[in-house]
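So the structure is just underneath, and the comments pick up after that.
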Amino acid sequence: MCGIIGYIGDKNASPILVNGLKKLEYRGYDSSGIGIVSLSDGKLALRKAHGKIANLEKLIKSHPVPAGTVGISHTRWATHGAPNRVNAHPHADSSGKILIVHNGIIENYETLKNALKKKGHKFLSDTDTEVIAHLIESHYKGDLFLAVKKAIKELDGAFALGVICSDHPETLIAARVGSPLIIGLGKNENFIASDVPAILEHTRKIIYLKDGQIASIRKDKVSIFNFSGKSVIPKIDKVTFKVDSVAKQGYAHFMLKEVHEQADVLKQMFQRRLKGDSVVLEGLGLTDKQLKAVNNIIIVACGTAYHAGMVGRYIIEHLSSVPVSVDVSSEFRYRNPIVSKQTLVLAVSQSGETADTLAAVREAKAKGAKIISICNVVGSSLARESDGILYTHAGPEIGVASTKAYTAQLGMLYLLAIKLGFVHKRLAKTAIHKIIKDLKHIPALYNKILKNKSAIAAIAKKNSHFGCFLFLGRNINFPTALEGALKLKEISYIPAEGYAAGEMKHGPIALIDEYRAVVCIATESDTYEKMISNMQEIKSRKGKIIAIATEGDKTIAHHATHVVYVPKTNKLLTPFLAVLPLQLIAYFIAVKRGCDVDQPRNLAKSVTVE
Ligand code: BG6
């Protein structure tokens, strides 16, 4: 997810572009750039910087952008090519006349790049995007619109594009498939942007470009066509909401927005990584033969990622019989871990910058282990120090309490488990087919749970007065209980503990009385009956129980004060569903208590020191 903005009009473009870009920084902030057609020499002028947009502003201060009335700008969330100045957008063609910004992923960029290289094109960056600029150039015979139209027909993947050309300072071209793009209508000026906040200070008249549409934009005219060239009369919307709310897309907090993005993140991951009944793990960096040689796995991670790792252990051992151990990174590095050449160390991290996990990886590497990382930030330190990298592509996660990155980590761990089960010949084709079918169904089930959000909010508010919570789960949902407790601790500051339910009688049951709330994950499972008896032990000691149960469970309500139902699914996949109500319960309790949900006290999105 990146942020794009474009301008064409009578005003000087660069300040408009930079101000608008800042309102899109939540979409990506690892590098940025701006490009305009200079009024003075009619040439393209380009400024690009690594890191936050503030760095671009600093650069422009020392190297001012010449005046120009047409321009495009971009803030990046790297997917292909590390975040640095060269890979930042805009990207030019080899003539230096055509400039583009892009949000999305071009799946067939390598094929296109090789074909263009054969025609003599030279590439400066590692991005998929630069290929588009050269592709447009290869079709350009003086008509920019036609060249873009021809080029986009060869693209496979998602794209929102902004294109300018120094030969045509009167034109800005925009096109989209998959990634969002809007056109803002002004007086003698028009805009393109990834999202409304970028241009709201200039206009509230918006056209939402649809998939498969391309627009030729002049300062006083916008013409829209579908990709086959048919003209389209667009619907013009009038937007009414406040700037801030839009960055959160109408959600009160980034955390709530990110909770709602989980279905899409998993859907895109499964679309990209599942081809029929085959798991395609681009970036893994290990052949099936090398994977088959792996005889033990150590997962290292911190915080929420550690809980994902714990679920990963259950599913990898269950599907592949490869033994797995899970370590908090800060412990791993000091316990003199036993690691051999057949050991695969799996590092899980949203940011890829967590110092403890980096140190654990360096320790394992020094002992000869192969390092595969599951990470959300492209080009992060962890990605650079790993032998293989599986990007979760969950987009920027702004809320400090991790949500969508967690379920994306689960998604990747399940895919890896299936792959290992396949190469270790532990999984029959029918079993692979079944679990893949059930996995693909998970995103739709998320939307079902979210429809029930207000009931979950009511339960949360009713229990927000409790001063201490216990979260209980068994087997593959024991880590889910740990994650539920962590979410509540992180954002509401209420003491909460996650426990394996079977451990209750060995200590924590001493805590149970009418002043305790206990969240029990009692979805359909082989340990369901055991979970029910734990709930009876709690109820008999007046503990207040919030149960997470499977739809259609007619008996659970007898054992609990409140029940949140999640849809029925494959027992192995319940961690995906059971965590969603836990994220929401923590969220609504924190909101009820007036906590700063997105930036809770004492926490950071990524701890880069030991
Ligand atoms: C903490 C974050 O700082 O680090 C948590 O607040 C996160 O949300 C943990 O789970 C680990 O971070 P990462 O980036 O390595 O997954």
Side-chain angles (χ1 to χ4, degrees), residues 28-30 77-78 83 253-259 261-262 265 298-312 326-333 345-364 371-386 389-413 479-493 496 498 575 579 582-583 586-587 590 595-610:
Y29 43 75
D30 61 39
W77 181 259
H253 296 93
F254 281 109
M255 180 184 174
L256 190 62
K257 171 179 163 267
E258 288 151 9
V259 165
E261 287 174 346
Q262 298 182 99
V265 168
I298 302 178
I299 299 178
V300 293
C302 301
T304 289
Y306 169 72
H307 297 147
M310 288 181 72
V311 176
V326 192
D327 272 85
V328 281
S329 305
S330 52
E331 284 301 312
F332 176 82
R333 59 176 303 195
V345 167
L346 207 46
V348 185
S349 171
Q350 188 283 129
S351 61
E353 301 299 345
T354 299
D356 289 329
T357 301
L358 287 170
V361 159
R362 291 169 192 146
E363 176 76 11
I371 312 292
I372 301 289
S373 292
I374 294 179
C375 185
N376 195 42
V377 178
V378 171
S380 58
S381 309
L382 185 62
R384 289 198 302 271
E385 295 185 30
S386 303
I389 174 76
L390 298 172
Y391 286 124
T392 48
H393 293 308
E397 189 173 65
I398 309 288
V400 165
S402 182
T403 52
K404 63 176 180 175
Y406 172 74
T407 43
Q409 287 157 0
L410 290 188
M412 198 58 84
L413 286 159
T480 311
L482 294 175
E483 179 55 13
L486 179 62
K487 286 279 113 17
L488 189 65
K489 277 183 278 204
E490 281 177 310
I491 60 175
S492 76
Y493 320 139
V579 75
L582 304 186
Q583 294 167 343
Y587 172 79
C595 300
D596 181 344
V597 168
D598 283 338
Q599 293 179 343
R601 70 186 186 196
N602 308 342
L603 291 178
K605 186 64 196 161
S606 172
V607 180
T608 54
V609 292
E610 216 201 312

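Both counts, for ligands and for their atoms, begin at 1 and track the order of listing. Below, all heavy atoms of this structure are taken into account, side chains as well, without hydrogens, waters or symmetry copies.
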Do the side-chain N and O atoms of T392 and K404 include a donor-acceptor pair separated by under 3.5 angstrom? no
For ligand 1, output the ligand-protein N/O contacts shorter than 3.5 angstrom; if there are none, return none.
from: ligand 1; atom 1: 3 (O); to: A604; atom 2: O; distance (Å): 2.8
from: ligand 1; atom 1: 6 (O); to: A604; atom 2: O; distance (Å): 2.8
from: ligand 1; atom 1: 8 (O); to: V400; atom 2: O; distance (Å): 3.0
from: ligand 1; atom 1: 10 (O); to: T304; atom 2: N; distance (Å): 3.0
from: ligand 1; atom 1: 12 (O); to: T354; atom 2: OG1; distance (Å): 3.4
from: ligand 1; atom 1: 14 (O); to: S349; atom 2: OG; distance (Å): 3.4
from: ligand 1; atom 1: 14 (O); to: Q350; atom 2: N; distance (Å): 3.3
from: ligand 1; atom 1: 14 (O); to: S351; atom 2: N; distance (Å): 2.8
from: ligand 1; atom 1: 14 (O); to: S351; atom 2: OG; distance (Å): 2.6
from: ligand 1; atom 1: 14 (O); to: T354; atom 2: OG1; distance (Å): 3.4
from: ligand 1; atom 1: 15 (O); to: S349; atom 2: OG; distance (Å): 2.6
from: ligand 1; atom 1: 15 (O); to: T354; atom 2: OG1; distance (Å): 2.6
from: ligand 1; atom 1: 16 (O); to: Q350; atom 2: N; distance (Å): 2.7

Could I get the full list of ring-ring contact (aromatic ring centres under 6.0 Å, His included) partners for Y587, not counting sequence neighbours? H253
Smallest heavy-atom separation, F332 atom then I298 atom, equals CE1-CG2, 3.6 Å
Given side chain to side chain donor-acceptor pair (under 3.5 Å), test E353 with S380 step by step and report yes or no. CA-CA 6 Å; E353 301 299 345; S380 58; 4.5 Å; no
In terms of side-chain heavy atoms, does Q262 have a donor or acceptor partner in T407 at a distance below 3.5 Å? yes
The single option from T357, L358, V348 passing side chain to side chain contact (heavy atoms under 4.5 Å, CB included) against S329: T357
